[in-house]
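Order of listing sets the numbers, starting from 1, for every ligand and every atom in it.
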Amino acid sequence: MVSERSGAEVLVASNRGPVSYSLGEDGALTAKRGGGGLVSGLSAIGPDTDAVWVCAALGEGDREAVRRTGGLLSAEDTGGQRVRMLDIPAEVYADAYNGIANSVLWFVHHMLYQTPIEPAFDSDFRAQWASYVDYNAAFADALAEQAAPGAAVLVQDYHLALVPGLLRDRRPDLRIGHFSHTPWAPAEYFAMLPDDIQRQLAAGILGADHANFLTERWARAFIGCCGTALGADCEVRHPGDEAPYLLTALAGGKPHKTSIGVYGLGADAEFLRERAHRPDVEERLSALRGQIGGVERRTIVRVDRTELSKNIVRGLLAFRRLLTDRPEWRERVVHIAFAYPSRQDLAVYRDYTDQVGRLAEEINDEFGTADWQPVVLHVKDDFARSLAAYRLADVALVNPIRDGMNLVAKEIPVVSDEGCVLVLSREAGAHAELGEDALSVNPYDVNATAEALHTALSMDGEERAERTRRLAAAATALPPAKWFLDQLRALQA
Ligand code: G6P
């Protein structure tokens with residue numbers, strides 16, 4: 001049933017919303033707005049469309065904001081979108097987000113399990129799974145309540161894999177899309193999940209009319225998993241098109257069809273180029289130049305969340321190997337590594353963060369001299385400083401073990417001042433679009449990565465600039481607003 005409060009024609013649902021609140025000691029709430037593809041996308045539909053973004057309250061500040069507002073935040077409150085924030089009980093949220101979404105689903109899709117010791121799909125897992133179902137149901141309830149008849153609902157990511165199916169049961173009139181921002185696991189790897197869980201995840205997403213992915217490779221992996229888990233039937237409808245496949249699976253005894261699409265989110269050139277030349281970025285640029293020292297020194301830049309899949313440790317090991325095997329680079333290159341905090345509730349992320357810090361220190365102790373610090377590591381998130389590093393990078397190191405897309409690989413060539421060589425993992429989604437003009441690496445192979453860094457540092461200026469121009473063109477082919485609007489139009493067609 002559609003309640004009186006309903007009415008939104010376009011709805012977005014994601015775990016992390018476009019705004020988060022921190023609670024000061026004086027009781028004041030401070031809002032922090034996020035960026036990214038969805039934020040630009042949703043603002044691009046214009047103020048005439050009634051849109052709502054449904055998200056979870058992540059911390060105490062958000063929960064307090066929900067208590068004070070009842071959970072509905074106006075566009076003025078959030079400085080952008082109308083938001084419905086869900087205050088899901090803290091234990092349910094922790095089990096769903098830390099327990100299932102980040103420790104199981106993220107690990108499966110990024111192939112990060114140490115299979116001999118993990119995973120233990122035991123009673124604790126089952127209890128956490130029950131919370132994941134509740135958390136998904138809370139989103140489905142809120143969306144069902146907020147949506148106007150026939151509205152378009154765009155559900156995001158692995159946190160909300162069950163929402164499309166649950167929402168279809170509640171509101172069969174809606175047009176439902178799901179987008180995976182991560183890779184999808186190959187069928188043989190996905191098969192490690194208990195069989196009923198594989199079925200629930202596949203059927204959950206197939207509750208959507210459209211299930212979209214960042215690359216063809218992840219879309220095909222998903223299709224493979226649906227075949228194994230559900231016996232879903234795949235028809236190649238429009239090869240090379242943005243929605244090439246049609247999957248048919250039984251839902252409640254009846255065949256339900258889901259269009260499988262590929263939308264490779266690109267960088268927002270206009271925003272980045274303007275933002276990267278504001279005074280705060282210039283300030284950080286001079287500060288970084290000070291840390292680098294000598295004017296002739298080259299830079300290898302990386303910017304990541306401190307995330308296991310980003311492979312920061314092997315990146316540092318490759319830099320150490322470069323300095324060991326190619327002593328001619330000593331004193332002549334600085335590795336600028338920004339590793340921003342992420343998912344610190346999980347012990348394995350805290351340990352990884354410590355390991356990154358220790359290794360950077362070891363390299364500096366081993367090779368550093370009175371006026372040369374080989375690794376400049378920053379761990380405090382600062383967007384303006386990231387842009388400054390993008391501008392001065394001679395080499396960008398993007399070497400994830402596996403990555404849905406990797407926007408840093410796309411952003412650096414766009415804002416680079418003098419051209420930058422991209423050393424890019426062949427396991428990053430971005431490789432499908434940028435591989436030709438990047439130096440491709442196997443992310444596990446530290447020696448080969450060190451060699452690629454050497455080749456990158458040695459490349460002549462002209463070739464570097466030409467490659468950067470082509471990289472920037474490929475990286476901006478599908479800017480965020482178009483990425484979002486294309487999906488919305490396809491869903492509403
Ligand atoms: C990835 C996921 C997003 C997630 C982001 C940050 O990009 O696809 O859904 O929001 O990481 O992770 P966090 O756990 O901090 O939200």
Side-chain angles (χ1 to χ4, degrees), residues 12-22 32-42 53-59 61-62 83 85-86 88 93-112 132 135-136 139 154-163 177-185 205 211-215 218 222 263-267 303-312 338-350 352-353 379 381 383 386 398 400-411 427-430 480 483-484:
V12 167
S14 63
N15 173 64
R16 182 179 288 279
V19 65
S20 66
Y21 291 89
S22 51
K32 186 170 178 241
R33 275 181 59 71
L38 281 168
V39 172
S40 332
L42 203 53
W53 189 322
V54 178
C55 63
L58 304 185
D62 286 356
V83 169
M85 204 178 255
L86 307 179
I88 294 162
Y93 181 75
D95 277 358
Y97 172 69
N98 288 321
I100 299 296
N102 288 342
S103 300
V104 177
L105 302 180
W106 180 271
F107 277 32
V108 168
H109 291 317
H110 289 84
M111 300 170 73
L112 287 171
Y132 182 78
Y135 156 89
N136 274 256
F139 271 82
L154 296 115
V155 180
Q156 310 299 314
D157 241 345
Y158 58 102
H159 315 89
L160 303 180
L162 306 181
V163 166
H178 186 274
F179 194 90
S180 291
H181 295 259
T182 63
W184 193 274
I205 291 184
N212 294 328
F213 295 85
L214 285 163
T215 68
W218 313 141
F222 175 72
Y263 296 84
L265 175 63
V303 177
D304 291 295
R305 289 187 296 113
T306 311
E307 160 61 57
L308 278 59
S309 62
K310 301 292 183 189
N311 210 19
I312 304 171
F338 295 169
Y340 298 146
S342 184
R343 303 185 189 164
Q344 291 292 299
D345 287 342
L346 298 181
V348 65
Y349 279 74
R350 295 196 297 274
Y352 191 72
T353 305
V379 295
D381 195 346
F383 184 53
S386 300
V398 181
I401 288 171
R402 199 171 161 86
D403 209 331
M405 174 54 69
N406 197 298
L407 275 182
V408 173
K410 290 189 165 181
E411 289 169 352
E427 304 304 321
W483 168 83
F484 181 85

Derivation of the salt bridge (Lys or Arg N to Asp or Glu O under 4.0 Å) call for Arg350 and Asp345: CA-CA 8 Å; Arg350 295 196 297 274; Asp345 287 342; 5.8 Å; no
Residues forming a ring-ring contact (aromatic ring centres under 6.0 Å, His included) with Tyr21, sequence neighbours excluded: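 Here no residue qualifies.
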Non-neighbouring partners of Tyr352 that pass ring-ring contact (aromatic ring centres under 6.0 Å, His included), sequence neighbours left out: none
What does the N/O contact table under 3.5 Å look like for ligand 1?
unit_1: ligand 1; atom_1: 8 (O); unit_2: Asp157; atom_2: OD2; d: 2.6
unit_1: ligand 1; atom_1: 9 (O); unit_2: Asp157; atom_2: OD2; d: 2.6
unit_1: ligand 1; atom_1: 11 (O); unit_2: Arg305; atom_2: NH2; d: 3.4
unit_1: ligand 1; atom_1: 11 (O); unit_2: Arg343; atom_2: NH2; d: 3.3
unit_1: ligand 1; atom_1: 12 (O); unit_2: Arg343; atom_2: NH2; d: 3.0
unit_1: ligand 1; atom_1: 14 (O); unit_2: Tyr97; atom_2: OH; d: 2.4
unit_1: ligand 1; atom_1: 14 (O); unit_2: Arg343; atom_2: NE; d: 2.8
unit_1: ligand 1; atom_1: 14 (O); unit_2: Arg343; atom_2: NH2; d: 3.4
unit_1: ligand 1; atom_1: 15 (O); unit_2: Arg16; atom_2: NH2; d: 2.8
unit_1: ligand 1; atom_1: 16 (O); unit_2: Arg16; atom_2: NE; d: 2.9
unit_1: ligand 1; atom_1: 16 (O); unit_2: Arg16; atom_2: NH2; d: 3.4

Parallel, tilted or perpendicular, as decided by the 30° and 60° cut-offs, for the rings of Tyr97 and Tyr93: parallel
Distance flag, aromatic centroids of Phe179 and Trp483, threshold under 6.0 Å: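 Close enough - the centres of the two rings lie under 6.0 Å apart.
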Side chain to side chain donor-acceptor pair (under 3.5 Å) against His181, all qualifying residues, sequence neighbours excluded: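 Expected list: Gln156.
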